[in-house]
Amino acid sequence: MVNVNTVQTKPFEGQKPGTSGLRKRVKVFQQPNYTENFIQAVLKAIPESDGGAKGATLVIGGDGRFYLNEVLQIIVKLSVAAGVKKLVVGRDGIVSTPAVSCIIRKIKATGGILLTASHNPGGPDADFGIKYNCSNGGPAPESVTNRIYEISKTLQNLEIADIPKVDFSQLGTQHIGDLTLEVIDGVKDYVEYMKTIFDFDEIRTFFKNNKDFKMLFDGMNGVTGPYGYRLFVEELGLPESSVMRFKPLPDFGGAHPDPNLTYAHDLVERVQAENYDFGAASDGDGDRNMIIGKDAFVTPSDSVAIIAHYAKEAIPYFKKHGVNGLARSMPTSQALDLVAKKQGLEFFEVPTGWKFFGNLMDAGRCSICGEESFGTGSDHVREKDGVWAILAWLSIIAHVNKSKRMGVQDILQEHYKVYGRNFFSRYDYEEVDSKGAEDMVERLRGMIEKNELVGKTCGQFKIAKADDFAYHDPIDGSESKKQGIRIIFEDGSRIVIRLSGTGSHGATVRLYVEKYSDNAAEYPKPTQEALKPIIDVALELSQLEKFTGRKEPTVIT
Ligand code: G1P
Ligand code: ZN
């Protein structure tokens, strides 16, 4: 028998899950009862349609960041008290976000708790995060996250089992009262699944026949290191020098584990200096990815379009299941739209955040999707999947190289020849004053409502349409409003402005710009040069500097 204690608590403000769960500074989670409160709210909010917490099977995994073990202990104590039947936890708590999704689906679990702040830095002075995923393996929909928040606002008691500290370092099954706790190898199921999706023999053959083609994978000291090692070194037989920073570290070695040209500069430099043909990186929890080549950077918007273009030819999973529709988040460039049009596929534009793709996938209407924020994925799981995207690219490379030698840059240029090029860039202004940022968006919203923008000429551009993006989910009928200011010009170029929903404090302004060209002479142009005129228009229209006091963005991707 396990003793359960009822412990008095009081609600904490702001336990409202954002785009991807609750993300706060570690210090916030460390306040007495703060984490307990949130986990209690999560357990109470598990939807009845999934069976609720009593008798549930939950998959638990995280990216190895600081404070993970403490939170695991709390989850076990509250789960035992809540009557959860089974917890399936990765060894040392390590399971990537897409792998949690994979395991939830594979074992038909009730849901899962993901312990990660994704690409945000880790360590005692950095971030932690907790996210709940439902039985489809995807992030909880707003109905569930709102319920978590509502419960968190009135919580008076915690039900905590009185149990000794649990050891998560050994594989195997333990029993704690009525709860079964299984510690699993968080990499194994995922690797097995990847072997059913991609043709590993074909990729292996490509590397064997092209010994001079070198690849470098950067785990960024996050969770994907062990996955990359298992897949690229052990399965594909590449030398160990093909993987870097492949051991998960609690503070990511001080790195900012976000795979973009700014934060993954170690990889970018090595690919250039050591003449690698293909470079790839994942973020802290393994759902994001970046693909680069010799003198080539694949924007995530292009990446998803190229994967969609080759999917049925190059990837066995799509040969078998077909491609039932494509989708992108609203700010993502329109390169994918062109592929959907050419292939006659159903197409969706959804708000930022992976959860919107899940409904479409569950309904069998979306097979491949992506976000400009280095998120690419498919309906094989219900999260974006960085390692999957890298394997997709290796499959494409193996496929196109059957007829002629092609590197990453050649694949890009070939794609532009067929579809034209959607130049795209995002400017992030991090940790700006919230009031200024909100006022800036409010002003644009006001101009849209008063219809002051349409018809206006800005330099070489004329505004054709302006709105605050709203999405009507065709599956569950839900409405999501105020998803970002969208200014579309007559030539199809776009400006999008929205505030981040994942920041842990202050506000982050995201400014997205896109310009289409079907003039082949322009394709080799550097992105920033091609976009300069539209960026100037964006800064002028938004009066960003006036409202935020920022002359330069923190990060350009
Ligand atoms: C950011 C990205 C978004 C992504 C999310 C989670 O959200 O922009 O595309 O889904 O992280 O990885 P934001 O901070 O913009 O709300
Ligand atoms: Zn992530």
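Start at 1 and go down the list; that is how both ligands and their atoms are numbered. These numbers were taken from a predicted model, which means no experiment stands behind them.
Listed by number with element, the atoms of ligand 1 under 4.0 Å from a non-hydrogen atom of Arg426 are 8 (O). Those atoms of ligand 1 that come under 4.0 Å of a heavy atom in Gly501, given as number and element, are 13 (P), 14 (O), 16 (O). Close contacts of ligand 1 with Thr352, meaning ligand atoms under 4.0 Å from a residue heavy atom, involve 3 (C), 8 (O), 9 (O).
With a cut-off of 2.8 Å, the Zn ion (ligand 2) has no N, O or S atom of Thr97 in range. Put simply, Asp285 gets within reach of the Zn ion (ligand 2), with an N, O or S atom under 2.8 Å from it.
When you scan the N, O or S atoms of Asp287 for the one nearest the Zn ion (ligand 2), you land on OD1. For Asp283, the N, O or S atom with the smallest separation from the Zn ion (ligand 2) is OD2.
Heavy atoms of Gly353 come nearer than 4.0 angstrom to ligand 1 in at least one pair. Proximity of Lys355 to ligand 1 is not established, as no heavy-atom distance is less than 4.0 Å.
Ring to ring, His309 and His415 are close: their centroids are under 6.0 angstrom apart.
Under 4.0 Å from ligand 1, heavy atoms of Ser500 appear from its side chain as well as its backbone.
Relative ring orientation between Tyr429 and Tyr427 is described as tilted, the plane-to-plane angle lying within the 30° to 60° band.
In this structure, OH in Tyr190 is found 13.5 Å from NZ in Lys106, a value given to the nearest 0.5 Å. Distance check: Asp385 CG to His380 NE2 gives 3.5 Å after rounding to the nearest 0.5 Å.
At least one side-chain heavy atom of Thr97 sits less than 4.5 Å from a side-chain heavy atom of Lys131. The side-chain heavy atoms of Glu514 and Phe423, taken from C-beta on, include no pair separated by under 4.5 Å.
Side chain of Arg288 to main chain of Asn260: no donor-acceptor pair is present (N/O by atom type, distance under 3.5 Å, no hydrogens or angles). Of the possible polar contacts, none joining the Asp218 side chain to the Ala281 backbone as a donor-acceptor pair under 3.5 Å is found.
Selection from Lys131, Lys384, Glu383 by nearest heavy atom to atom 6 (C) of ligand 1 gives Lys384. Looking at Arg510, Glu371, Arg23, Glu372, it is Glu371 that brings a heavy atom closest to atom 4 (C) of ligand 1.
The pair Arg23-Asp127 does not count as a salt bridge, with every side-chain nitrogen at least 4.0 angstrom from each carboxylate oxygen.
Considering both main-chain and side-chain atoms, Ser118 never comes within under 3.5 Å of ligand 1 through any nitrogen or oxygen pair.
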